[in-house]
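Below, chains carry the letters A, B, ... as their sequence lines are ordered, and counting in each starts from 1.
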Amino acid sequence: MRLPRRRLAVYCVAFLFAIVMNFAVPRLMPGSPVDSMIAQLGPRATPAAIAAIKARFGAIEQPMWQQFVDYIVGLAHFDLGVSVKYYPQTVLEVLGRSAGWTAFLVVTAIVFSLSIGVSLGALAAWRRGGRFDSFVSPFSVVMIAVPPVIIALATLFIFGVTLRLLPVGYAYDPNLDPGLNFTFFGSVFLHAIMPVLTLSPYLIGEFQTTMRSSMISVLGEDYVTMGRAKGLSETAVMFGYAARNAMLPVLTNLALMLGAVFGGSIVTEIVFNYPGLGLTLYTASVARDYPVIQGQLLLMTLATLGANLLVDILYGVVDPRIREGRA
Amino acid sequence: MTSGLALLWRQKKAVAGLAIIVALCLMALLAPVIAPGDPGERVGRSHQPPTVEHVFGTTKMGRDVYSQFVWGARPSLAVGFATGLAITALGTIVGLVAGYFGGRTDATLDLATNAVLVIPNIPLLILLASFAGTVGPLAIMAIIALTSWPWGARMTRSQTLALRNREFVVAARMVGEPHWRVIFVEILPNLVPLIGINVVGSIIYAIVAQTTLEYLGFGDPLRVTWGTMLYNAQNSSAIIIGAWWDIGAPAAGIALVGLGLALLNFTFDEIANPQLRSGPALSRWLRLNRRRNRALEVGQ
């Protein structure tokens with residue numbers, strides 16, 4: 001199967017844009033981030049470390065294009081620089097520690113919300129104008145409009161502080177040793193409940209809204225009428241004929257929403273003190289650990305682009321018209 | 001348009017949404033009247049629960065939460081609305097130009113739109129904000145507007161593409177009207193419902209992004225906004241020690257704006273796209289239909 005060249009161009013431009021931002025922003029902003037970073041290092045500021053930071057942030061006597069080429073070559077060798085806060089650890093090591101937890105949260109939240117949102121959307125479209133629809137659909141739109149900070153704080157206050165039902169920090173009980181046993185998995189599960197529940201309302205709202213409007217237009221298609229005319233049961237027509245095809249726009253939306261989900265996960269991890277990328281980014285931004293902040297942007301951009309690419313491929317598999325290039 | 005307004009008025013959801021927004025805006029405008037005095041002033045002991053004297057309690061610094069809530073509405077709403085308008089203006093112009101001119105202009109602009117669309121916004125915002133240090137409201141506005149116009153641009157572009165070859169547009173071009181006139185006088189008025197949806201959606205997004213940035217501590221800590229109130233409350237562990245009023249007031253404010261705008265947007269969507277309607281008219285039709293079916297069954 002072949003990907004449209006235009007999509008690939010879009011991803012290249014987006015990735016290049018992220019790289020250029022990373023390169024240009026520290027060099028354009030007033031005030032020197034280099035001095036503040038060297039001050040951060042304190043006694044650990046060896047000449048080698050200072051030279052590395054200076055080279056990375058443009059405080060050297062070298063033409064701009066030379067610096068940019070060096071920067072790109074460094075990236076190509078997975079060199080994202082050295083963390084200032086956790087010196088001498090590299091940015092890659094710092095991000096690697098937490099990326100897994102964020103991936104776990106985001107994927108769990110997406111799978112959970114996808115199943116709920118799509119079913120709610122399909123049902124609302126099926127009985128459009130009914131009591132279910134006129135309650136659930138406005139509710140979804142409201143869910144999209146409430147910032148994740150608010151939901152996170154409310155969840156934390158109700159379930160974590162007042163009812164004391166769920167643990168309010170960390171990815172698992174710090175007294176446990178990570179291992180392949182039920183106690184550990186149980187602990188990971190319990191600690192993930194509140195963060196996942198915080199990320200979900202926005203996602204469910206988006207999935208429900210997209211699914212509902214796409215399902216409404218699919219329900220007007222001839223093949224749905226045909227299914228009904230054949231005397232198939234309601235559920236067979238709804239899931240086998242309509243919902244299957246209505247899923248496609250939801251997929252596209254999912255990939256585009258990933259950026260927003262990362263934004264939500266940053267806030268969620270901070271509120272619940274969950275050791276993912278968001279918390280790392282927060283500590284980095286408090287400590288003005290610029291290399292980590294930059295690495296974060298690249299990593300999240302890559303993840304979003306990867307997801308979009310995956311959806312493009314999936315789309316081709318699911319929709320034969322696109323696979324054969326006559327969309 | 002009149003029928004649109006009538007439809008808007010008949011919708012309970014839209015009226016409720018509008019009422020919420022108007023009430024909050026009035027509160028912000030009347031801040032000197034309903035909450036006289038400096039919101040940054042220390043007026044009581046630390047973290048006092050709500051009393052008659054301080055209806056929303058006090059913060060860790062002993063400031064009156066009610067006064068902060070009322071005054072904080074001003075910058076939060078102003079930045080949210082202004083940024084939403086800026087996002088919409090950018091997106092609409094890019095979409096119109098791309099859709100109208102087509103060809104290479106369209107290819108370039110569409111590429112840029114899709115590229116900015118897939119870059120995760122909040123991490124990009126954090127990168128920009130962290131290098132800029134603490135950022136004032138204007139910088140927050142600029143950063144948010146520059147990273148979030150593509151949604152609107154995409155919608156506007158596809159609508160413009162559908163309109164550009166319609167008779168009235170072709171006629172205007174034939175008469176020799178300049179491009180800018182065709183775009184802004186012939187095409188733009190047809191996009192008004194879409195722009196309405198875009199404005200409300202963008203304001204929602206701007207308020208979410210602004211709150212997130214300020215909550216992360218990138219706002220100016222000396223200005224009282226709902227976002228910095230959340231930040232200060234978080235830093236004084238208000239939730240853990242049970243001072244729910246300190247976090248609850250700004251959170252409720254932001255959630256209310258979101259609720260009001262969402263209710264408005266839901267109705268805008270239904271006006272622009274009748275297919276999505278589920279309001280009173282549709283329920284009435286469904287009811288009639290059911291009654292008719294029952295009558296038919298009885299008749300058989």
Side-chain angles (χ1 to χ4, degrees), chain A residues 6 9-11 13-14 17-18 21-22 25-26 29 31 33 124 128-130 133-134 137-138 141-142 144-150 153-154 156-157 161 168 212-213 216-217 255-256 258-260 262-264 266-267 270-271 281-282 285-286 288 290 293-294 296-297 300-301 303-305 308, chain B residues 13 107 110-112 114-133 151 204 207-209 211-212 215-218 227 230 233-234 239-240 242 244 247-248 251-252 254-255 257-263 265-266 269 273 275-279 282-283 285-286:
Chain A
R6 284 188 65 84
V10 165
Y11 300 144
V13 170
F17 180 76
M21 286 304 268
N22 268 342
V25 168
M29 286 291 174
R128 181 154 70 106
D133 182 30
S134 34
S137 303
V141 181
V142 171
I144 299 172
V146 179
V149 194
I150 310 291
L153 292 172
L156 176 68
F157 182 71
V161 178
V168 295
R212 175 174 178 265
S213 54
I216 285 176
S217 53
L256 289 177
L258 209 67
F262 277 136
I266 292 173
V267 170
I270 295 168
V271 172
L281 178 61
Y282 182 63
S285 81
V286 170
R288 298 279 180 250
Y290 296 115
I293 301 175
Q294 291 183 313
Q296 176 91 10
L297 176 64
M300 287 197 168
T301 309
T304 315
L305 298 186
N308 275 280
Chain B
K13 286 189 284 272
D110 194 39
L111 188 68
N114 282 318
V116 181
L117 194 66
V118 287
I119 293 177
N121 271 337
I122 300 284
L124 181 62
L125 284 175
I126 291 176
L127 176 88
L128 289 169
S130 66
F131 276 106
W151 279 105
I204 292 177
I207 286 175
V208 172
T211 312
T212 309
Y215 173 75
L216 295 178
F218 292 116
L230 281 180
Q234 167 85 7
I239 278 206
I240 303 293
W244 50 268
I247 285 222
I254 294 162
V257 184
L259 173 72
L261 291 171
L263 290 177
N265 217 17
F266 194 74
D269 256 341
N273 187 356
Q275 225 189 15
L276 296 180
R277 253 169 232 176
S278 73
L282 187 67
S283 319
W285 182 82
L286 286 172

Would you check if [X] and [Y] make a side-chain contact, meaning some heavy-atom pair closer than 4.5 Å?
| X | Y | answer |
| --- | --- | --- |
| A:Val267 | B:Tyr215 | yes |
| B:Asn114 | A:Val13 | no |
| A:Ile144 | B:Asn265 | no |
| A:Ser285 | B:Leu216 | no |
| A:Thr304 | B:Ile119 | no |

Under 4.5 Å from any heavy atom of chain B - which part of [X]:
| X | answer |
| --- | --- |
| A:Val271 | both |
| A:Leu153 | both |
| A:Val161 | side chain |
| A:Val149 | side chain |

_Non-hydrogen atoms of B:Ile254 and A:Pro147 that approach each other most closely_ = CG2-CG, 3.4 Å
*Compare every heavy atom of A:Ile150 with every heavy atom of B:Ala251, then report the nearest pair and how far apart it is.*
CA-CD1, 3.4 Å
How many angstroms lie between atom [atom1] of [X] and atom [atom2] of [Y], to the nearest 0.5 angstrom?
| X | Y | atom1 | atom2 | value |
| --- | --- | --- | --- | --- |
| B:Leu127 | A:Tyr290 | CG | OH | 10.0 Å |
| A:Leu297 | B:Ile122 | CG | CD1 | 12.0 Å |
| B:Ile126 | A:Met300 | CD1 | CE | 8.0 Å |

*Residue, of A:Leu258, A:Val146, A:Leu305, A:Ile266, that accumulates the most heavy atom pairs under 4.5 Å with chain B*: A:Ile266
*Top of A:Gly259, A:Ala14, A:Ala260 for chain B proximity - count of heavy-atom pairs under 4.5 angstrom*: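 Answer, by heavy-atom pair count under 4.5 Å with chain B: A:Ala14.
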*With a 4.5 angstrom heavy-atom cut-off, could you sort out which part of B:Leu125 is near chain A: side chain, backbone, both or neither?*
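Neither the backbone nor the side chain of B:Leu125 comes within 4.5 Å of chain A.
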*Could you look at B:Leu261 and say if it's the side chain, the backbone, both or neither that has a heavy atom under 4.5 Å from chain A?*
neither
*asked:* Let's test your reading of the structure: which of B:Ile204, B:Val118, B:Ile247 forms the most heavy-atom pairs below 4.5 Å with chain A?
replied: B:Val118
*Based on non-hydrogen pairs under 4.5 Å, which of B:Thr212, B:Leu124, B:Asn121 is most in contact with chain A?*
B:Leu124
